[in-house]
Peer 1: 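Pasting a structure below so you can have a look.
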Amino acid sequence: METGKAEVHGAAEGLRRQKVGVLGAGTMGSGIAITVARAGHPVVVRDLSEDRVEGGLASIRKFLDRGVERGKLSAEKRDAAVSGLSGTTELEALADCDVVIEAIFEDEALKAETFGQLDEICGPETLFHTNTSTLSVTGIASGSKHPERVVGTHYANPAPLVNLVEVARGRLTGDEAHRRTIEFVEGLGKEVVLTKDTPGFILNYFLVPFENDCIRALEAGMGTVESIDKAVTLGLGYPMGTFTLLDIVGLDIHKAVSFALYERLRDPRFAPPPLVDRMIAAGHLGRKTGKGFYEYERAGLMGT
Ligand SMILES: NC(=O)c1ccc[n+]([C@@H]2O[C@H](COP(=O)([O-])OP(=O)(O)OC[C@H]3O[C@@H](n4cnc5c(N)ncnc54)[C@H](O)[C@@H]3O)[C@@H](O)[C@H]2O)c1
C-alpha cells in the first residue's frame with residue numbers, strides 16, 4: 001500500500017495552518033493525526049480515556065520516528081509535527097479547531113450525537129469531517145444543527161501511507177464546506193476522489209465484495225491463500241494480496257464492515273462468508289493476534 005510518497009507539503013509550504021481536532025485515537029484516528037501533523041497543522045487528539053489518548057500519541061510519535069529512521073521524513077518536520085501534537089479526553093478542548101475529523105466507533109447514533117455536542121462547542125466556521133466506512137454521511141449530519149458543514153472524508157487504511165481520500169458529499173453538505181474540505185485534504189498531500197453519500201462510497205463498494213469473492217474461492221478450494229494472493233498481485237496488479245490485506249485490516253473489522261454494507265444494500269456479495277466466522281471464533285483475526293490467513297512471528301498491527 002506504500003505509495004512511495006516520502007514527504008507531504010501542506011501547511012508548512014504556504015497553505016494556511018489550521019488547528020485540527022481528531023476524535024478517536026484508534027487505528028484510523030492515529031493514522032489521520034499523523035497525516036495532518038506531518039502536513040504542518042497543529043493537532044489535538046481526543047479519546048475517552050487517558051490510556052487511549054496516551055496509547056494513540058505514543059504510536060503517532062513512533063510512526064514519525066520510524067519515518068525519520070527510514071529517510072522518509074526530515075528530523076525537522078518530525079520535530080515540528082510532534083511539537084504541534086497534543087491529547088485530551090475533553091471535547092471542549094476542540095473549541096478553537098478549524099476542522100474536526102471524527103474517527104470514533106462505527107455507530108451512527110454515537111457519531112450523530114457527537115457532532116451535536118460539537119455544535120455547542122465549536123465556532124461557526126468549523127468543518128466537521130466523518131471518516132465513516134459504511135454509514136450515511138447525511139444520517140450522521142442529522143445530529144448536527146449545522147449539517148451543511150458535515151462532510152465525509154474517508155481515509156483508506158493505513159492513512160499515512162495510502163495517497164487517497166474519498167470526499168463524500170451528504171444531501172445537506174453545503175458548497176462552501178465541500179470546497180474547503182477538498183482544499184484541506186489536498187493540502188495534506190492526498191489525492192481526492194469525489195463521491196456521493198452511498199454505502200461504502202467507491203472504495204469499499206468494489207473492495208468488500210472482491211475480498212468476499214477471494215474468501216469464497218478459498219473455501220471452494222479454487223486455490224490456496226498464497227496462490228490467490230499471487231494471482232491478485234501479479235495478475236491483477238493489486239499492490240498487495242487480498243489475504244495479506246485482510247490480515248492487516250483484521251477479520252473482525254472485515255466482518256463488521258461487510259455486514260454493515262450488506263444490511264444497507266441487501267446484496268449477497270456483501271454478506272461475510274462463513275469462513276470469516278470460523279476464523280473469528282478461533283481467534284485468527286490477522287496480524288493483531290499473530291495468525292489470520294498467514295502466521296506472524298509477532299502479534300501487532302502492521303507487524304509492529
Ligand atoms: N480500520 C479501518 O480499516 C478503517 C478504514 C477507514 C475508515 N474506518 C472508520 O474509521 C472509524 C474508526 O475506526 P478504527 O478502525 O480507527 O476504530 P478503533 O476501534 O481502532 O478506534 C476508535 C477509537 O474511538 C474512540 N472513541 C469512541 N467514542 C469516542 C468519542 N465519543 N470521542 C472520542 N473517541 C471515541 C475509542 O475509544 C477508540 O479508541 C470508524 O468509523 C471506521 O468505520 C476504519
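In what follows, every heavy atom counts, from backbone to side chain, and hydrogens, waters and symmetry copies are set aside. We count ligands from 1, going down the list as the structure has it; atoms in each ligand are counted the same way.
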Peer 1: Closest by any non-hydrogen atom to atom 14 (P) of ligand 1: pick that one out of M28, E106, H254, Q117.
Peer 2: M28

Peer 1: Would you indicate which of I140, L23, I104 comes nearest to atom 24 (O) of ligand 1 when only heavy atoms are counted?
Peer 2: I104

Peer 1: Any side-chain heavy atom of L194 within less than 4.5 Å of one from R169?
Peer 2: no

Peer 1: Enumerate the atoms of ligand 1 whose separation from the nearest heavy atom of S133 is less than 4.0 angstrom.
Peer 2: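 So the atoms of ligand 1 that pass are 6 (C), 7 (C), 8 (N), 9 (C), 42 (C), 43 (O), 44 (C).
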
Peer 1: Which word best sums up how the rings of Y294 and Y296 line up, parallel for under 30°, tilted for 30 to 60°, or perpendicular for over 60°?
Peer 2: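 Answer is perpendicular, since the angle exceeds 60°.
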
Peer 1: I'd like to check atom 17 (O) of ligand 1 in this structure: does the protein have a heavy atom lying under 4.0 Å from it?
Peer 2: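 No, because not a single protein heavy atom sits under 4.0 Å from atom 17 (O) of ligand 1.
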
Peer 1: Any donor-acceptor pair under 3.5 Å linking the side chain of S227 with the backbone of G223?
Peer 2: no

Peer 1: Tell me which protein heavy atom sits closest to atom 3 (O) of ligand 1, plus the residue, atom name and distance to 0.1 Å.
Peer 2: N157 ND2, 3.0 Å

Peer 1: Give the residue, atom name and distance (to 0.1 Å) of the protein heavy atom nearest atom 10 (O) of ligand 1.
Peer 2: N131 ND2, 3.0 Å

Peer 1: Are I228 and L207 connected into the same hydrophobic cluster when the rule is that any two of I, L, V, M, F, W, Y join if their side-chain heavy atoms are below 4.5 Å apart?
Peer 2: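 No, it is not one cluster - the side chains of L207 and I228 are not joined through contacts under 4.5 Å.
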
Peer 1: Starting from atom 37 (O) of ligand 1, what is the nearest protein heavy atom, named by residue and atom, and what distance separates them?
Peer 2: R52 NH1, 2.3 Å

Peer 1: Please state which option from A103, G29, G24 has its nearest heavy atom closest to atom 22 (C) of ligand 1.
Peer 2: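 Of the listed residues, A103 has the closest heavy atom.
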
Peer 1: One pair to check against side chain to side chain contact (heavy atoms under 4.5 Å, CB included): T134 and R264. What are the steps and the verdict?
Peer 2: CA-CA 9 Å; T134 62; R264 290 188 67 200; 5.5 Å; no

Peer 1: Name all pairs fulfilling the salt bridge (charged side-chain N to carboxylate O under 4.0 Å, His left out) condition that reach into residues 199-226, sequence neighbours left out, sorted by first residue then second.
Peer 2: D213-R216, E219-R278

Peer 1: Give yes if a backbone or side-chain nitrogen or oxygen of K111 is under 3.5 Å from a nitrogen or oxygen of ligand 1, and no if not.
Peer 2: yes

Peer 1: Provide the number and element of each atom of ligand 1 under 4.0 Å from a heavy atom of H154.
Peer 2: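 The list of qualifying atoms is 6 (C), 7 (C).
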
Peer 1: What protein heavy atom sits nearest atom 19 (O) of ligand 1, and how far away is it?
Peer 2: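 Protein heavy atom at minimum distance: F105 CE2, 3.7 Å.
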
Peer 1: Do me a favour and list the nearest non-hydrogen protein atom to atom 31 (N) of ligand 1 with residue, atom name and distance?
Peer 2: R46 NH1, 3.7 Å

Peer 1: Just do the side chain to side chain contact (heavy atoms under 4.5 Å, CB included) check on F293 and L218 with the steps written out, would you?
Peer 2: CA-CA 10 Å; F293 290 102; L218 179 69; 3.8 Å; yes

Peer 1: What residue and atom, counting heavy atoms only, is the protein's closest point to atom 15 (O) of ligand 1, and at what distance?
Peer 2: T27 CB, 3.8 Å

Peer 1: For E186 and V192, indicate whether the former's side chain and the latter's backbone hold a donor-acceptor pair under 3.5 Å.
Peer 2: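 Checked: no pair found.
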
Peer 1: Does R66 pair with E69 as a salt bridge, N-O distance under 4.0 Å?
Peer 2: no

Peer 1: Under 3.5 Å, is there a donor on one side chain and an acceptor on the other for S258 and N212?
Peer 2: yes

Peer 1: Identify the protein heavy atom lying closest to atom 39 (O) of ligand 1, giving its residue, its atom name and the separation to 0.1 Å.
Peer 2: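 Of the protein heavy atoms, D47 OD2, 2.6 Å lies nearest.
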
Peer 1: Please report which non-hydrogen protein atom sits nearest to atom 21 (O) of ligand 1, along with the residue it belongs to and the distance in Å to one decimal place.
Peer 2: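 For atom 21 (O) of ligand 1, the nearest protein heavy atom is G26 CA, 3.4 Å.
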
